[in-house]
Novice: 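Before anything else, here's the structure in question.
Chain A is the first sequence line, chain B the second, and so forth, proteins listed ahead of strands; every chain is numbered from 1. Note that the coordinates shown come from a computational prediction; the quantities given were computed from them, not determined experimentally.
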Amino acid sequence: MKDIPPRYSPKDNEESIYSRWENSGFFRAVPDSAKKPFTIVIPPPNVTGILHMGHALNNTLQDILIRWKRMQGFASLWVPGTDHAGIATQNVVERSLREKGVSRQELGREKFVEEVWKWREQYGNTIIRQLKRLGASCDWERTRFTMDKGLSDAVLEAFVELYNKGLIYRGNYIINWCPRCQTALSDEEAPHQDVEGKLYHIMYPFKDGKDGVVVATTRPETMLGDVAVAVNPKDRRYKKLIGKKLVLPIIGREIEIIADDFVDKKFGTGAVKVTPAHDPDDFEIAMRHGLEPVRIMRPDGKMNENAAGFIGLDRFEARKLIVKELEEKKLLVKIEKHDHAVGHCYRCHTAVEPYLSLQWFVKMKALAEPAIEAVKSGKIKFYPKRWTKVYLNWMENIRDWCISRQIWWGHRLPVYYCVKCEAVIVSKIAPEKCNKCGSVELKQDEDVLDTWFSSWLWPFSTLGWPEKTKDQEYFYPTSVLITAPEILFFWVARMIMAGMEFKKAIPFSDVYIHGTVRDVSGKKMSKSLGNIIDPLDIIDGFGADALRFSIISITAAGQDVFLSKEKFETGRNFANKIWNASRFVLINLSNFASCPAGQLAKLDRWKDLSIADKWILSRLNRAIDSVTKALDNYRFNEAEGLVYDFFWHDFCDWYVEMVKPEIIGKKEGEAEKILIHVLEDSLKLLHPFMPFVTEAIWQNIKERETIMLSAWPMADKSYVDKKVESEMETVKNIIVNIRNIRSDMNIPYSKKLTVGLVPLKKGSASLGANSAEYIKNLAQLEKLTIDRDFKKPKSCLSAVTEEFNIFIPLEGVIDTALEKARLVKKEDGLKQQIVFIEKKLKDKNFINNAPEEVVSAEKERQSKLKEQIERMESTIKDL
RNA sequence: GGGCUUAUAGCGCAGUUGGUUAGCGCGCUUCCUUGACAUGGAAGAGGUCACAGGUUCGAGUCCUGUUAGGCCCACCA
């Protein structure tokens with residue numbers, strides 16, 4: 001007999017199991033023509049990252065699919081890796097340097113980048129180690145980093161290819177500028193946030209004469225860069241004024257009133273100050289009217305030399321002083337409260353400044369078209385479906401992508417400028433001389449690329465692109481992408497575009513988008529809010545299996561996940577339940593080594609099986625089928641719930657209890673074989689969800705390779721038997737009824753009862769010998785008589801089921817009044833049901849319109865209930 | 001402004017094509033340390049499925065509207 005502790009200890013198992021898996025190469029996937037590929041690329045976490053619940057959810061979902069498909073015999077590849085996360089990482093390293101009193105600028109570019117690499121060496125693998133603790137079965141030998149050699153080559157290749165196609169261009173445009181990070185951002189990197197702002201109404205006086213035009217603005221400091229005031233040409237108020245000159249207050253510059261359709265007559269005063277260098281719309285207006293933009297800010301958000309009198313002041317400081325000065329000059333007409341949305345840097349949350357600067361862009365329209373088509377045609381499907389619309393809406397309104405960043409950490413643009421003739425050379429390899437003038441004085445562009453410019457290549461760059469590789473041929477397109485909604489535009493949409501552009505093939509066929517992890521009050525979990533539940537704490541306290549099980553159990557298809565620490569008890573308890581059920585099996589099996597692992601030998605002894613045996617096999621095969629189907633449809637929590645219910649409620653609560661006498665008493669029967677078979681299949685079904693505890697038990701049963709590579713069970717429908725299931729329902733129902741009487745009448749289990757079962761109809765409700773035994777054992781009976789002619793004694797407790805009258809003769813005192821009250825209450829319940837049914841059946845519309853089988857089913861229920869109520873009444877009368 | 005999403009037992013949530021006695025987990029009540037498990041077992045209590053209309057023989061489920069949360073997108077200064 002094995003020595004198995006009565007409690008499952010994750011701590012004693014997880015680490016050793018994981019290292020055994022890893023060392024044995026079980027995670028490794030290689031192209032294999034005998035198998036079908038199943039591929040997932042991990043959403044690469046930032047190198048700066050530490051595991052949070054979002055990762056835990058995301059990676060558990062992926063691991064479930066990967067493990068499940070691996071067991072199904074696929075060449076199941078999960079490609080791991082990390083993202084260099086340009087701005088985020090640069091910020092982190094800068095901060096740590098600052099603590100040592102060193103600034104990035106002091107260090108210089110080269111040294112700084114070296115520091116970042118050092119930092120990555122030291123901390124960059126933290127999250128990988130943490131993913132391992134979660135049980136992630138990634139092929140770690142393939143771990144990639146967006147800045148490693150291969151992926152950097154892919155970035156250069158992509159850039160040059162797009163540039164040569166005319167899809168990358170350089171130009172002066174208004175972009176989102178973060179004054180703190182001092183870099184350009186893409187539109188996606190500057191999400192809008194509602195801000196309580198003010199609308200300042202400012203009087204711009206006419207050059208000649210009194211009076212003037214009142215403009216409204218939320219950013220008065222930008223007036224220093226005004227080059228015109230625009231009105232709508234159809235606006236009667238201003239029509240006559242078009243072409244008149246105004247004097248820009250404070251600065252004194254002369255500006256003209258111009259007409260532009262863009263201006264909304266209804267907003268503000270209907271007159272708009274035009275600041276082309278600091279507002280995208282104004283920039284457009286200025287272009288249309290040939291006006292020269294005036295830049296008034298420096299990259300750090302402080303006013304520049306064009307801001308006479310405010311030079312060097314921070315933009316918000318300048319705002320205050322300008323408002324004050326306008327007030328003094330009596331040019332401030334009024335200030336209104338005005339809430340509006342302002343873009344904020346997604347890395348440091350500073351309000352971004354729309355800023356005119358020279359940047360690099362990707363033309364997106366042409367790239368978007370095939371990517372839209374891929375989704376519209378159904379080649380790529382979103383789960384849940386609703387994301388399709390969000391995706392298409394964004395893609396159809398796509399704007400060019402600003403890809404240059406003024407930071408140091410990232411892929412440097414493969415762009416070189418000739419110092420002499422200013423030629424622009426775009427090349428993967430640094431050119432030796434200018435291809436126009438032959439000068440050897442060349443300078444590489446200082447900028448680096450947006451982090452997402454490497455991530456959008458991830459599904460194929462990780463497989464070797466731009467080289468032609470076997471991996472790529474075999475594993476691409478990948479099968480499914482599992483990700484969070486936050487990066488749908490950043491990443492998912494762009495990967496589809498990149499796939500279509502560079503590979504002429506979709507990057508994945510399915511996109512599963514899971515919810516956001518929130519705390520109990522619905523807030524997003526974040527460090528700054530301090531509402532984090534650390535997955536590692538949970539793993540330490542409850543085990544990785546518990547974490548995985550619990551988080552999946554509350555993840556309904558794509559809905560947000562609300563977490564609290566207590567929720568992880570569910571998973572821990574279940575792991576322990578599995579452990580103990582197995583413990584029972586292992587302790588009691590006489591010779592479990594003789595039971596063939598895995599497949600139950602084709603049961604040619606079907607007839608010899610007890611009804612419980614047949615029943616559990618029927619339930620098992622149903623479970624296998626439904627779990628597999630649920631997984632096929634990415635219904636993770638449903639799949640998990642189905643195994644849970646089967647294992648706990650069918651297997652543990654009923655089957656194990658029913659076969660205990662046979663197993664413990666070493667009686668003749670097949671239960672032993674079936675116990676081990678059902679246990680093994682259950683472990684397999686559970687393995688993708690709870691890999692550690694299932695492996696631990698798998699090895700306890702017998703030492704062998706691993707459950708990871710065992711075959712996923714196949715449902716055999718010949719085991720599904722409705723008749724057997726229905727008899728078992730009857731048996732369970734009788735047991736529950738007797739237990740109910742015990743409970744209601746306070747009869748302890750130590751008191752053995754004698755029970756008479758009176759079947760109703762001839763032929764029906766006959767119970768096999770096994771069934772009688774189950775009832776005797778599980779209801780703790782001394783004697784059970786099944787007899788249509790059973791004579792009910794006077795002193796007796798009763799229950800009435802659909803198919804039986806149950807009598808429990810009890811000598812001595814029975815409180816008749818109490819028993820009567822009890823039975824009447826039960827009868828009332830039945831009566832309530834029949835009232836409802838009869839109302840339906842009296843309704844002609846129902847009879848005429850409802851399908852035949854619905855009507856007859858109702859009728860059958862009516863007659864059954866009626867009859868049951870009659871028996872109940874006569875039982876009550878007999879008291 | 002546009003779009004998405006949620007509202008079901010005290011709490012957290014399931015409920016796929018409309019027909020179940022509306023389920024599950026936690027919590028609650030009563031009982032039980034029985035030879036896998038008290039991280040357990042047994043028996044219970046608890047819901048007019050947000051509101052108002054509509055479609056239908058029949059609605060938690062479909063449609064319209066209302067209310068209240070949440071999220072995303074958007075160049076009204």
Novice: Given the side-chain rings of A:Phe549 and A:Phe574, with only the six-membered ring counted for Trp, is the space between their centroids under 6.0 Å?
Specialist: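 Ring centroids of A:Phe549 and A:Phe574 are less than 6.0 Å from each other.
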
Novice: Using the side-chain heavy atoms of A:Phe846, tell me which of these nucleotides is nearest: B:C37, B:G25, B:C57.
Specialist: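 Nearest nucleotide to the side chain: B:C57.
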
Novice: What orientation do A:Trp648 and A:Tyr644 show, parallel under 30°, tilted 30 to 60°, or perpendicular over 60°?
Specialist: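 Rings of A:Trp648 and A:Tyr644: tilted, 30 to 60°.
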
Novice: With respect to the side chain of A:Lys389, which nucleotide from B:A77, B:C4, B:G25 is positioned closest?
Specialist: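 Between B:A77, B:C4, B:G25, the one nearest the side chain of A:Lys389 would be B:C4.
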
Novice: Quick one: does any side-chain atom of A:Arg583 pair with a main-chain N or O of A:Ile4 as donor and acceptor, under 3.5 Å?
Specialist: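 Yes, the answer is positive, given that a donor and an acceptor are paired below the 3.5 Å cut-off.
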
Novice: B:A77 phosphate, OP1 or OP2: any side-chain N/O from A:His338 under 4.0 angstrom?
Specialist: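 Yes, such a contact exists.
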
Novice: Scan residues 273-282 of chain A against RNA chain B and write down, sorted by residue number, each residue with any heavy atom closer than 4.0 Å; if none is found, say none.
Specialist: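 Per residue number, the list reads A:Asp281.
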
Novice: Between B:A43, B:G41, B:G40, spot the one nearest the side chain of A:Ser743, thanks.
Specialist: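 Per side-chain heavy atoms of A:Ser743, the pick is B:A43.
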
Novice: Go through it in stages, so that I can follow the logic: the residues are A:Lys839 and A:Asp843, the test is salt bridge (charged side-chain N to carboxylate O under 4.0 Å, His left out), and I'd like the CA-CA distance, side-chain angles, deciding distance and then a yes or no.
Specialist: CA-CA 7 Å; A:Lys839 198 176 136 200; A:Asp843 186 345; over 6 Å; no

Novice: Separation of A:Glu852 atom CD from B:G19 atom C1', in whole Å?
Specialist: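 One finds 15 Å between C1' of B:G19 and CD of A:Glu852, rounded.
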
Novice: If only side-chain N and O atoms of A:Lys265 are considered, is one of them under 4.0 Å from the OP1 or OP2 phosphate oxygen of B:C76?
Specialist: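 So the side chain of A:Lys265 is outside the cut-off, no N or O lying under 4.0 Å from OP1 or OP2 of B:C76.
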
Novice: Charged N to carboxylate O below 4.0 Å: is that the case for A:Glu221 and A:Arg315?
Specialist: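 Result for this pair is no, no salt bridge flagged.
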
Novice: Can you find a side-chain donor-acceptor pair between A:Asn232 and A:Lys266 that sits under 3.5 Å?
Specialist: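 A:Asn232 vs A:Lys266: no donor-acceptor pair found between side chains.
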
Novice: Using a strict 4.0 Å threshold on nitrogen-to-oxygen distance, state whether A:Lys273 and A:Asp226 make a salt bridge.
Specialist: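 Between A:Asp226 and A:Lys273 there is a salt bridge, with a charged N closer than 4.0 Å to a carboxylate O.
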
Novice: Could you check which of B:U39, B:C4, B:G41 has an atom nearest any side-chain atom of A:Arg386?
Specialist: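 Nucleotide nearest to A:Arg386's side chain: B:C4.
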
Novice: Would you state whether a donor and an acceptor, one from the side chain of A:Glu657 and one from the base of B:A42, lie under 3.5 Å apart?
Specialist: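 Side chain to base: no pair below 3.5 Å.
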
Novice: Dump the intermediate steps for side-chain contact (heavy atoms from CB on, under 4.5 Å) on A:Val731 and A:Glu729, then the final yes or no.
Specialist: CA-CA 5 Å; A:Val731 169; A:Glu729 278 315 302; over 6 Å; no

Novice: Counting side-chain heavy atoms from CB outward, which of B:C75, B:U39, B:G41 is closest to A:Asn576?
Specialist: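 Of B:C75, B:U39, B:G41, B:U39 is nearest to the side chain of A:Asn576.
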
Novice: Atom CD1 of A:Ile578 and atom P of B:A36: how far apart are they, to the nearest Å?
Specialist: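 Rounded to whole Å, this separation is 18 Å.
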
Novice: So which nucleotide from B:G3, B:A77, B:C37 ends up closest to the side chain of A:Thr217?
Specialist: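 The nucleotide sitting nearest to the side chain is B:A77.
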
Novice: Among B:A36, B:U39, B:A42, find the nucleotide with the atom closest to the side chain of A:Arg739.
Specialist: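 Closest nucleotide among those given: B:A42.
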
Novice: Rounded to whole Å, please give me the gap between CH2 in A:Trp579 and P in B:G40.
Specialist: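 Rounded to the whole Å, the gap is 17 Å.
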
Novice: With heavy atoms under 4.0 Å as the rule, sort A:Phe262 into base, sugar-phosphate or nothing.
Specialist: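 The answer is base, as A:Phe262 lies within the cut-off (heavy atoms under 4.0 Å) of a base atom.
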
Novice: Could you state the atom-to-atom distance from CZ of A:Phe584 to P of B:C37 in whole Å?
Specialist: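 In whole Å, B:C37 P and A:Phe584 CZ are 10 Å from each other.
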
Novice: When you measure from the side-chain N and O atoms of A:Arg7 to the phosphate of B:U39, is any distance below 4.0 Å, counting only OP1 and OP2?
Specialist: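 So the side-chain polar atoms of A:Arg7 do come within 4.0 Å of the phosphate oxygens OP1 or OP2 of B:U39, strictly under.
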
Novice: Measure from the side chain of A:Pro851, starting at C-beta and using heavy atoms only, and say which of B:U39, B:C57, B:A43 lies closest.
Specialist: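 The answer is B:C57.
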
Novice: Looking at every strand, decide which applies to A:Val272 at a 4.0 Å heavy-atom threshold: base, sugar-phosphate, or nothing.
Specialist: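 Base contact.
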
Novice: Can you tell me which nucleotide in B:U21, B:C57, B:A42 comes closest to the side chain of A:Arg861?
Specialist: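 Of the candidates, B:U21 comes closest.
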
Novice: In terms of side-chain heavy atoms of A:Asn573, which of B:A42, B:A43, B:U39 is nearest?
Specialist: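 Of the options given, the side chain of A:Asn573 lies nearest B:U39.
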
